[in-house]
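Beneath this line is the structure, given in structure tokens, with notes to follow.
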2 protein chains.
Amino acid sequence: MRARSASSADAAFLASYKPSDFSRPSVAVDIVALTVIDSLLRVLLIRRAEPPFRGRWALPGGFVRVGDAHRHRGESLDEAVARELDEETGLSVRDVYLEQLGAFGHPDRDPRMRVISVAYYALVRPDLVPTVRGGGDAAHAEWHVVPSRGLRLAFDHDRIVDAARERIRERIHTTSLARSLVARTFTIPELRNVYAIVTGEPQDPGNFRRKFQAMLDARVVERAPGKRITASKPAAVYRFA
Amino acid sequence: MRARSASSADAAFLASYKPSDFSRPSVAVDIVALTVIDSLLRVLLIRRAEPPFRGRWALPGGFVRVGDAHRHRGESLDEAVARELDEETGLSVRDVYLEQLGAFGHPDRDPRMRVISVAYYALVRPDLVPTVRGGGDAAHAEWHVVPSRGLRLAFDHDRIVDAARERIRERIHTTSLARSLVARTFTIPELRNVYAIVTGEPQDPGNFRRKFQAMLDARVVERAPGKRITASKPAAVYRFA
DNA sequence: TAAATAGTGTCTATAAGACATTATCTC
DNA sequence: GAGATAATGTCTTATAGACACTATTTA
């Protein structure tokens with residue numbers, strides 16, 4: 001996304017240009033990390049140890065490192081969110097599905113100062129959940145059920161979580177998003193459960209199987225060795241190819 | 001989107017809080033204003049009169065007014081884009097479909113300084129196009145064909161236009177987005193043409209009519225008086241209800 | 001054997017693509 | 001009347017929902 005270099009005609013201008021002292025906002029990235037635990041959609045929240053909203057639950061995130069005018073290059077938004085994801089959860093961008101949600105910039109969203117937040121959502125496979133560590137100041141990190149009824153989050157983070165919830169509902173049928181919400185190996189009922197959780201509608205086993213069969217035919221998924229032991233009939237195990 | 005007030009426990013902290021001098025980016029809003037003229041998708045571009053990228057075409061936009069810490073409240077992103085839309089095009093947010101596209105924040109996107117841009121797209125009904133004036137420093141505003149082949153825009157604006165193009169393609173069938181790209185009164189072929197332009201695929205007249213009939217049945221659209229004179233058989237005129 | 005859930009098959013309603021046909025205007 | 005395009009109808013196929021039924025395990 002590097003901009004093309006400015007024309008030579010601009011060079012003189014740039015050499016003499018001094019960023020004016022217009023007041024500027026701080027810019028943060030916030031992460032809505034979602035997973036499925038015990039058949040419930042969950043979001044990773046961190047209990048704030050400092051004001052404002054001390055003691056409230058909030059999304060993991062932090063400020064974008066902007067660099068110092070011409071000396072330091074600074075980081076892109078994608079780089080910032082990758083860094084924060086690693087710092088606050090120990091997760092790598094390679095292991096999760098990560099996508100920008102949008103910018104949230106109401107003047108009153110942070111009582112300290114003007115902060116514009118660029119929110120991302122991250123889908124975390126359930127088998128990676130045990131590896132998530134609340135690092136740094138994230139000593140108190142927990143996976144909370146979504147929607148977190150009665151749990152009023154810090155800042156405008158309720159709205160950001162709602163936006164993420166809505167986004168995955170829109171995308172579940174047109175993308176392979178569900179892939180990032182089941183363990184690496186999974187059964188048909190487990191995958192079906194993800195669709196049910198995200199859409200909010202129960203999924204018919206027979207009809208879902210037909211959809212799954214199409215994924216098998218298209219070699220999107222394949223059989224994996226072994227069987228999943230349940231309370232009744234064991235289920236065949238699959239994985240994404 | 002007002003944040004809930006911080007607890008009283010936070011009050012003391014806030015009173016003594018001074019925003020630290022971390023370097024901050026400038027934050028801008030850029031507008032991808034789209035319309036249909038002569039059966040072609042068009043984007044409103046403004047010729048830059050100042051460096052950087054002097055003489056290049058760019059999206060209309062401007063900096064978000066942040067306010068001064070505690071004295072001035074500043075404007076939200078939605079307020080900023082509404083103001084810029086008015087200033088640079090004379091259009092009101094009430095007259096267009098306006099939606100946030102996302103944030104673009106590569107460190108090198110602006111050679112002057114670090115600028116993070118929150119992009120919006122605006123759908124402008126063709127009958128409003130004559131009222132669009134390039135106001136302020138937008139002395140040279142033109143509706144350019146999308147994709148603007150060979151026309152390399154300033155900054156990373158090519159990518160932003162591409163993102164808008166992709167977004168409306170995704171949304172055309174699931175939302176009533178087409179409504180904002182036809183004149184207030186329109187014929188079935190005109191509406192069909194909008195779908196063809198946005199999807200990039202020709203739309204079968206017979207099949208499209210069936211879809212349109214469903215809109216009539218649902219009272220989404222209704223007959224309008226008069227007929228549209230064409231080179232051959234005149235077409236009936238409709239409007240959205 | 002009973003209970004539970006995995007897995008299969010079938011019927012039907014709806015939506016979508018292809019395409020032939022008719023209607024009504026301008027030139 | 002010729003040409004053009006609006007408007008209509010029909011056939012076929014793909015998709016999706018409802019639901020009955022069979023299979024295989026644990027308790």
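Residue numbering restarts at 1 for every chain, and letters A, B, ... go by the order of the sequence lines. Nothing here was measured: the structure is a model prediction, and the numbers come from that model.
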With sugar-phosphate taken as primed atoms, P, OP1 and OP2 and all else as base, the protein-contact string of nucleotides 19-27 of chain C at under 4.0 Å (heavy atoms; B, S, -) is B---BBBS-
Those residues that, when tested against Arg165(A), pass salt bridge (charged side-chain N to carboxylate O under 4.0 Å, His left out) (two or more places apart):
none
According to salt bridge (Lys or Arg N to Asp or Glu O under 4.0 Å), does anything in residues 185-201 of chain B pair up with another residue at least two apart or in another chain? List the pairs.
Glu190(B)-Arg228(B)
By side chain to side chain donor-acceptor pair (under 3.5 Å) - contacts of Asp217(A) (at least two apart):
Gln213(A)
Ser39(A): which residues meet the side chain to side chain donor-acceptor pair (under 3.5 Å) condition with it, sequence neighbours left out?
Asn193(A)
Please enumerate all residues that pass salt bridge (charged side-chain N to carboxylate O under 4.0 Å, His left out) together with Arg83(B), with sequence neighbours excluded.
Glu75(B), Glu87(B)
Partner set under side-chain contact (heavy atoms from CB on, under 4.5 Å) for Arg184(B), not counting sequence neighbours
Arg125(B), Asp127(B)
How would you list, by chain and number, every residue that makes a side chain to side chain donor-acceptor pair (under 3.5 Å) with Glu222(A), sequence neighbours excluded?
Arg239(A)
Whole angstrom value for the distance that separates C1' of dT14(C) from CG of Asp217(B):
15 Å
Separation of atom CD in Gln213(B) from atom P in dA15(C), rounded to whole Å:
13 Å
Under 3.5 Å, which N/O atoms of the protein pair with N/O atoms of nucleotides 11-15 of chain D?
none

Between dA16(D) atom C1' and Phe212(A) atom CZ, what is the distance in whole Å?
19 Å
Listed in order of residue number, which residues of residues 168-200 of chain B have a non-hydrogen atom at under 4.0 Å from DNA chain C?
none
Would Arg47(B) and Glu142(B) pass as an ion pair if we require N to O under 4.0 Å?
no
Could I get the full list of ring-ring contact (aromatic ring centres under 6.0 Å, His included) partners for Trp57(B), not counting sequence neighbours?
His144(B)
Glu166(A): salt bridge (charged side-chain N to carboxylate O under 4.0 Å, His left out) partners, not counting sequence neighbours:
Arg169(A)
